J.: 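The structure under discussion is supplied below as structure tokens; questions concerning it will follow.
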Number of protein chains: 2
Amino acid sequence: MSRQMVRPGGRSARVQASVHAAVRELVSELGRDALTVPLVAQRAGVTPSTIYRRWGDLRELLSDVAVERLRPDTAPGDHGALSSDLTAWAEQFLDEMSSPTGRAHIRDALLGDPDGGNAGRCSAYAAGQIDVILTRATERGENTSDVETVVDHVVAPLMYRILFRPDGLDAAYARRLVEGVLGPAGR
Amino acid sequence: MSRQMVRPGGRSARVQASVHAAVRELVSELGRDALTVPLVAQRAGVTPSTIYRRWGDLRELLSDVAVERLRPDTAPGDHGALSSDLTAWAEQFLDEMSSPTGRAHIRDALLGDPDGGNAGRCSAYAAGQIDVILTRATERGENTSDVETVVDHVVAPLMYRILFRPDGLDAAYARRLVEGVLGPAGR
DNA sequence: CTGCCTAAGGCAAAGAGTTTGCGTTTGGTG
DNA sequence: CACCAAACGCAAACTCTTTGCCTTAGGCAG
């Protein structure tokens, strides 16, 4: 239902853009909890029924918007070595995701997502970033792990704690996880 | 708002029990998506406003019920060795949690949970079970990891994949995770 | 370029769920 | 036993959601 095969151009695209923009504006103005479909519709200049028909309900709409905001907008930085690349990425990931708005986006993405497609997309974003880092390391001739291992040892613990135990998370924990997967010496 | 300091006995307790029971009945009869607050209220023999005032909304109520169902009802089995105890527990955990109803409970518990209290409770359940297993191993004289390590290396990957990538999960994966944390030889 | 065809949106009424004020019941407590 | 406040029931007001019907406007074939 989300990321639907809308007609690619014209009115459909305009409506989608305007609704997404309305959601972003209203979230920052009134806070996430104050949103309602009629409110978003009014700001976007459409009728509520349009939103209900396209997205089903508010949660799916928020899920759509959340996934977009979770998409990385830039390739991970190149610091010259696998261990620093991965550490920097993990620290930034934790920082972004563990903030109140980051957590809200993750929850939204997970929630309004009957088929799990949006959650899968989030996971793919992270895996993609890690793949870039590992590929770069391989090209340097470094000895790398594979993506799945890094997902299991770094992304999963970070995400688990963000979702289930938001307390006591800091950059040092992220660094420890990266050390754990590469070996203490940076391998 | 959930797990509130309700008056421990009398009517409040009866209402809570009857509402929880109504949720469980209706979920199994009509499916989770068909639930509404008025429906639950009718079955429970209370008025909708009672539910709204005690739980806030349907999601928080479902979160409450879900957490109860995620609570382990029995101590982890004793198979005589750490590696078999942990493997059996992980396999069962994956099996229960990755089923459609298990996933639904996890999602419900996470979703209707503004302050994260319910999610923390879920995590504590798993940590408690692992602690029992590790303590037993220590008493046997086995060389054990600590709970946090097992959470990071076993629970977190399982949960991450259940939530974000529900495909391709099987008992072998759970076994591999346990081997990873104990060492391939069972340590 | 023109004219169909259909997906998508607008509108408005009907339906359903949510919120709230007020009076009553009922545990807890001195 | 008497009091107090939490919790509940009731019902009205309100908001959100759903739905049928009509109009608009992309896309596409001729």
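To find a chain, count down the sequence lines: A is the first, B the second, and so on, and within it residues start at 1. Remember, predicted model here, so these are calculated numbers, not experimental data.
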J.: Excluding sequence neighbours, so at least two apart, what forms salt bridge (charged side-chain N to carboxylate O under 4.0 Å, His left out) with R69(A)?
T.: none
J.: Nearest whole angstrom, please: distance from the P of dT18(D) to the CH2 of W55(A).
T.: 15 Å
J.: Taking the basic N atoms (NZ, or NE/NH1/NH2) and the acidic carboxylate oxygens, is any pair closer than 4.0 Å for R140(A) and D85(A)?
T.: yes
J.: Measuring from the side chain of R53(A) (C-beta onward, heavy atoms only), which nucleotide among dG9(C), dG20(D), dC8(D) has the closest atom?
T.: dG20(D)
J.: Between D64(A) and R121(A) (salt bridge meaning N to carboxylate O under 4.0 Å), is one present in this structure?
T.: no
J.: Without decimals, in angstroms, what is the distance between I51(B) CD1 and dT20(C) C1'?
T.: 17 Å
J.: In whole Å, what is the span from the CD atom of E60(A) to the P atom of dT18(D)?
T.: 11 Å
J.: Is the shortest distance from a Lys or Arg side-chain nitrogen in R136(B) or D78(B) to a carboxylate oxygen in the other one below 4.0 Å?
T.: yes
J.: Can you list, by residue number, the residues of residues 28-50 of chain B that have a non-hydrogen atom closer than 4.0 angstrom to DNA chain D?
T.: G45(B), V46(B), T47(B), S49(B), T50(B)
J.: So if I take every side-chain heavy atom of R11(B) and compare against dC8(D), dG26(D), dA8(C), which nucleotide ends up nearest?
T.: dC8(D)
J.: Round to the nearest Å and state the distance from Q16(A) atom CD to dA7(C) atom P.
T.: 18 Å
J.: Closer than 4.0 angstrom, basic N to acidic O: yes or no for E68(B) and R24(B)?
T.: yes
J.: Output yes when D108(B) and R32(B) qualify as a salt bridge under the 4.0 Å nitrogen-oxygen rule, no when they do not.
T.: yes
J.: If you compare every side-chain N and O of R54(B) against the phosphate oxygens of dC8(D) (OP1, OP2), does one of them come in below 4.0 Å?
T.: yes
